[in-house]
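Everything quoted here is computed from the prediction, not taken from an experiment.
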Amino acid sequence: MSLFKITKSSKPLLSRCMSMLVNDPSYSWLSEIGIKEVNDGVYNGSWGGSGNVVTSVSPINEQPIAQVVEGTVEDYKEVVRASKEASKQWAMTPAPVRGEFVRQVGEHLRDKLEPLGKLVSLEMGKILPEGIGEVQEAVDIADYATGLSRMLNGKVIPSERPGHMMLENWHPLGVIGVITAFNFPVAPYFWNFTIANVCGNACLWKGAPTTPLTGVACTKLIADVLEANKLPGGLSGLISGGADVGAAMVDDPTVNLLSFTGSCHIGKQVGAKVQGRMGKLILELGGNNAISVMEDADLNMLVPAVCFASVGTAGQRCTTTRRLIVHKTLIDEVVKRLTSAYKQVKIGNPLEKGNLCGPLHTTAAVEAYKEAISEAAALGGKIEVGGNVVEGRYVEPTIVTGLPHDADLVMRETFAPILYIMPCEDFDDAVAINNEVSQGLSSSIFTTKPEYIFRWVGAGGADSGICNVNIPTNGAEIGGAFGGEKETGGGRESGSDAWKQYCRRATCTINYSKDLPLAQGIDFS
């Protein structure tokens, strides 16, 4: 029996005569991942929703794809209650058994790799190779988490007291809330869900309001695995909804840790509220990322790297390269080569092979792009290439030169394919310019000199959480911890020891002797 009662929405369903892409034979693959004309957007073991009915619109052609019944704050309370109950059972389940469940989720993702990737492209707007790549990233982190389930090691610590031993154990937190953004509607949830799950936690997911179908499709896939293993649905709950639902999750002490992906502005508010209730927090916020180009850089390698880093996902990755810091002796040649390369970028339907730049996700993003171009021109910047809206939500990838490296516009992240190129005097100057922005997500340097490389990755080099050499700022692998410093938030997700964030640490001292010596030699007799 469903736990939800779907009431009449304040927003009526689209008229049946209005065509939705889900009913178009060209998009029949949507049925392979469970998408229908109207989809329940709330899951806790049963599907439902009693909030507004929203229509997901594709940025590709601005056509409606399908509809989702959102949840309300009351629905949220039911979902988090189910997650809390599920977490109690899951915490007592052996970690390798939890890993087997995640392995099966990964297999289901692998089976639906192409249609899920197509949905990401259709609903978000990134090109199909990137859409499929994002789902592949979810597959990869499921594989990683499966192995991790047998390696959640503690420590044995030497005790200063005879007849004593010390242990360090890691235990699950309980309920992990995950709020994800439109630009990566799949991977960040699975970074959190797979790792948190093998650590013994239940997860609760709120995706972006503009990509609800992707959340529904992914949760249906997980739900199939839960049901096949007779596991509680609360282990991976879903609550589609607006800001009121997100606020409820942020304020809820039942949510032991909240992972939030979004802007620095909103992230600061979220961080203050979660910290105010003494909850744990992972923030994945903005990144005004830069590539530095030294005088010895291999330009044949640099140009394709910059194109992917700045044009990929139409400039809508948090790891997108937005600033290019070039040694003064190379800047003219670099601008010339990149301008030529940009002119070859094919803009168009991201589902069609050969196109490298799809649309911006929203009309608001198009306006932000236009405003940034106008401001750059007003400040005396030169538009080397691009600078125009093509049609609809499609814009030209743009290169701007001639602005000071510390201009407000350059220091401010614009979520669009705009690259500011600026000169530097030497290595130290490049590091200073790289580090002067308020964010600290990803940085890269192109050089062959060992001195530059090791200074760059050292304590006096780039101050970002991701510090690359001779590769783009984007395209991180799942094996390392993903996240950044400063206003990027300081959180870490995915690989390395990021799993420890989903656990509480217990230091255990065991006395197996018949004496009671005190630490530090204290005599309390």
Greater than 12 external heavy atoms within 6.0 Å of [X]'s [atom1]:
{"X": "K36", "atom1": "NZ", "result": "no"}
{"X": "E114", "atom1": "CD", "result": "no"}
{"X": "M278", "atom1": "CE", "result": "no"}
{"X": "R150", "atom1": "CZ", "result": "no"}
{"X": "K280", "atom1": "NZ", "result": "yes"}

Next item on the list: Please determine which of K126, E130, E134 meets the side chain to side chain donor-acceptor pair (under 3.5 Å) test together with T313.
Entry: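 With T313 as partner, K126, E130, E134 yield a single side chain to side chain donor-acceptor pair (under 3.5 Å), made by E130.
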
Looking only at side-chain N and O atoms, does [Y] offer a donor or acceptor that is under 3.5 Å from a partner on [X]?
{"X": "E85", "Y": "Q89", "value": "no"}
{"X": "Q67", "Y": "T55", "value": "yes"}
{"X": "E78", "Y": "N44", "value": "no"}
{"X": "S50", "Y": "D75", "value": "yes"}
{"X": "Y144", "Y": "S494", "value": "no"}

If you take all heavy atoms of [X] and [Y], which pair is closest and at what distance?
{"X": "E70", "Y": "V42", "value": "C-CG2, 4.1 Å"}
{"X": "V120", "Y": "G131", "value": "CG1-CA, 4.0 Å"}
{"X": "E168", "Y": "I157", "value": "CB-CD1, 4.3 Å"}
{"X": "W205", "Y": "P185", "value": "CZ2-O, 3.3 Å"}
{"X": "G234", "Y": "S83", "value": "O-OG, 3.0 Å"}
{"X": "E62", "Y": "R393", "value": "OE2-NE, 3.0 Å"}

For residues [X] and [Y], determine if any side-chain heavy atom of one lies less than 4.5 Å from a side-chain heavy atom of the other.
{"X": "F101", "Y": "L226", "answer": "yes"}
{"X": "F482", "Y": "E284", "answer": "yes"}
{"X": "L21", "Y": "N61", "answer": "yes"}
{"X": "L283", "Y": "T488", "answer": "no"}
{"X": "V178", "Y": "F193", "answer": "no"}
{"X": "T473", "Y": "R323", "answer": "no"}

Margin query: What verdict does the side chain to side chain contact (heavy atoms under 4.5 Å, CB included) test give for C218 and V186, after you've listed the backbone C-alpha separation in whole Å, the side-chain angles of each residue and the deciding distance to 0.1 Å?
Written below: CA-CA 8 Å; C218 289; V186 174; 3.9 Å; yes

Check: Quick one: do E32 and K112 make a salt bridge, cutoff under 4.0 Å?
Finding: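 Looking at K112 together with E32, the answer is no, because their closest N to O distance does not fall below 4.0 Å.
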
Check: Taking NZ, NE, NH1 and NH2 as the nitrogens, is one of them in E485 or R492 under 4.0 Å from a carboxylate oxygen of the other?
Finding: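 Looking at R492 together with E485, the answer is yes, because their closest N to O distance falls below 4.0 Å.
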
Donor-acceptor pair, distance only, cut-off 3.5 Å: does the side chain of [X] make one with the backbone of [Y]?
{"X": "D24", "Y": "S26", "answer": "yes"}
{"X": "E123", "Y": "S56", "answer": "no"}
{"X": "K273", "Y": "A247", "answer": "no"}
{"X": "N434", "Y": "S443", "answer": "no"}

Next item on the list: With sequence neighbours excluded, give me every ring pair (Phe, Tyr, Trp, His ring centres under 6.0 Å) pair touching residues 255-281.
Entry: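 Residue pairs passing ring pair (Phe, Tyr, Trp, His ring centres under 6.0 Å), neighbours aside: none found.
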
Next item on the list: Give the intermediate values and the outcome of side chain to side chain contact (heavy atoms under 4.5 Å, CB included) for residues W47 and K220.
Entry: CA-CA 9 Å; W47 286 93; K220 284 190 173 185; 3.4 Å; yes

Item checked: Candidate pair W90 and N197, rule side chain to side chain donor-acceptor pair (under 3.5 Å), full reasoning -> CA-CA 8 Å; W90 205 233; N197 192 269; 3.1 Å; yes

Checklist line | Qualifying residue for side-chain contact (heavy atoms from CB on, under 4.5 Å) with E493, from W499, F190, W191 | finding: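 The single option meeting the side-chain contact (heavy atoms from CB on, under 4.5 Å) with E493 is W191.
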
Checklist line | Selection residues 246-258 - residue pairs positive for side-chain hydrogen bond (donor to acceptor under 3.5 Å, both in side chains), sequence neighbours left out | finding: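 Qualifying pairs: Y76-D252, D252-T254.
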
Next item on the list: Begin with the C-alpha distance, continue with both residues' side-chain angles, and end with the deciding distance and a verdict on side chain to side chain contact (heavy atoms under 4.5 Å, CB included) for E100 and N229.
Entry: CA-CA 10 Å; E100 169 58 19; N229 288 272; 5.8 Å; no

Next item on the list: List in chain and number order the residues that pass ring-ring contact (aromatic ring centres under 6.0 Å, His included) with F182, two or more places apart in sequence or in another chain; answer none if no residue qualifies.
Entry: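 With neighbours one apart ignored, the set is H361.
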
Check: Do I60 and L122 pass the side chain to side chain contact (heavy atoms under 4.5 Å, CB included) test, and can you show the C-alpha distance, the side-chain angles, and the key distance before you say yes or no?
Finding: CA-CA 7 Å; I60 295 175; L122 180 66; 4.1 Å; yes

